[in-house]
Amino acid sequence: MAVTTVYGVIGSPVGHSLSPYMHNAAFDALGIDAAYYAFDVDKTQVGNAIRGALALGFGGLNVTFPLKKDALLYCNPDALSKRLGAVNTIDRNGGGYNTDGIGAVSALKEGHHGLGGYRPLFFVR
């Protein structure tokens, strides 16, 4: 019997998040056996929450305010996350990533808002 893969977003407060609605709609539309939930996690419990999710076999976590900086300590962050000092995504293997900057630049480009030659920190090599 297949087990539904669980994903989630952790933060505090997080009850207002639209992420579960968006992700669950996408899972349903694509026929993926997965569920996405919002978990309100106190800042003092971020390590326990991340370790617990990984131990339970979650497919991954999104991390939102105010836990992004603390979450960095409980995963294996990539170089960009270390440089930025925060993660917003943790994969099933405990890898930590920060997609905030890349997402903001993509939104600006898609909206045809030029960056005027500005090179954000995360693109500087």
Side-chain angles (χ1 to χ4, degrees):
M1 178 165 125
V3 175
T4 300
T5 304
V6 176
Y7 295 84
V9 57
I10 60 172
S12 185
V14 75
H16 64 283
S17 176
L18 297 179
S19 291
Y21 301 104
M22 294 185 301
H23 285 87
N24 287 319
F27 292 150
D28 288 344
L30 296 170
I32 297 172
D33 185 15
Y36 190 101
Y37 300 98
F39 300 97
D40 198 282
V41 174
D42 184 87
K43 192 173 170 86
T44 64
Q45 296 299 314
V46 66
N48 289 330
I50 292 169
R51 285 189 295 266
L54 295 174
L56 290 168
F58 276 38
L61 287 174
N62 293 117
V63 183
T64 192
F65 186 80
L67 307 180
K68 292 179 182 188
K69 288 182 180 182
D70 295 317
L72 186 76
L73 302 173
Y74 301 100
C75 64
N76 300 312
D78 67 358
L80 176 60
S81 297
K82 288 179 186 176
R83 199 162 147 192
L84 296 175
V87 298
N88 71 341
T89 303
I90 299 174
D91 68 22
R92 70 178 65 240
N93 299 311
Y97 310 93
N98 190 311
T99 62
D100 287 335
I102 294 166
V105 170
S106 294
L108 287 171
K109 286 180 178 178
E110 288 177 19
H112 306 290
H113 302 285
L115 296 176
Y118 173 71
R119 286 182 57 82
L121 172 68
F122 49 85
F123 284 133
V124 178
R125 300 275 184 233

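In the hydrophobic clustering of ILVMFWY residues, with side-chain heavy atoms under 4.5 Å counting as a link, Val9 and Val6 come out apart. Note on Tyr7: it does not cluster hydrophobically with Leu54, by side-chain heavy-atom contacts below 4.5 Å among ILVMFWY residues. A continuous path of ILVMFWY side-chain contacts below 4.5 Å connects Leu67 to Leu56, so both sit in one hydrophobic cluster.
By the ring-ring contact (aromatic ring centres under 6.0 Å, His included) test, Phe58 pairs with Phe39, sequence neighbours left out. Under the rule for a salt bridge (charged side-chain N to carboxylate O under 4.0 Å, His left out), Lys69 has no partner lying at least two apart in sequence or in another chain. Asp78 pairs by the side chain to side chain donor-acceptor pair (under 3.5 Å) definition with Ser81, not counting sequence neighbours.
Identified under the ring-ring contact (aromatic ring centres under 6.0 Å, His included) test for residues 60-93, with sequence neighbours left out: none. Residue pairs meeting the salt bridge (charged side-chain N to carboxylate O under 4.0 Å, His left out) criterion with at least one member in residues 21-44, sequence neighbours excluded, are Lys43-Asp70.
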List the atom pairs, donor and acceptor, that lie under 3.5 Å between side-chain atoms in residues 13-27 and the rest of the protein, sequence neighbours left out.
from, atom 1, to, atom 2, distance (Å)
Ser17, OG, Ser19, N, 3.1
Ser17, OG, Ser19, OG, 3.3
His23, ND1, Ser19, O, 2.9
Asn24, OD1, Tyr36, N, 2.8
Asn24, ND2, Pro20, O, 2.9
Asn24, ND2, Tyr36, O, 2.9

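With respect to Lys68, the side chain to side chain donor-acceptor pair (under 3.5 Å) criterion is satisfied by exactly one of Asp100, Asn88, Asn98: Asp100.
Summarising the geometry, atom CG belonging to Leu84 is positioned 9.5 Å from atom CG belonging to Leu72; distances are rounded to the nearest 0.5 Å.
Listed here is the closest heavy atom pair of Asn76 and Asn93: ND2-O, 4.2 Å. When every heavy atom of Ala71 is checked against every heavy atom of Val87, the shortest pair comes out as CB-CG2, 3.5 Å. Residues Gly96 and Cys75 share a closest heavy-atom pair of CA-SG, 3.7 Å. Smallest separation of non-hydrogen atoms from Thr64 and Gly11: CG2-CA, 3.8 Å.
Side-chain contact check for Ile10 versus Ile50: some heavy-atom pair is nearer than 4.5 Å.
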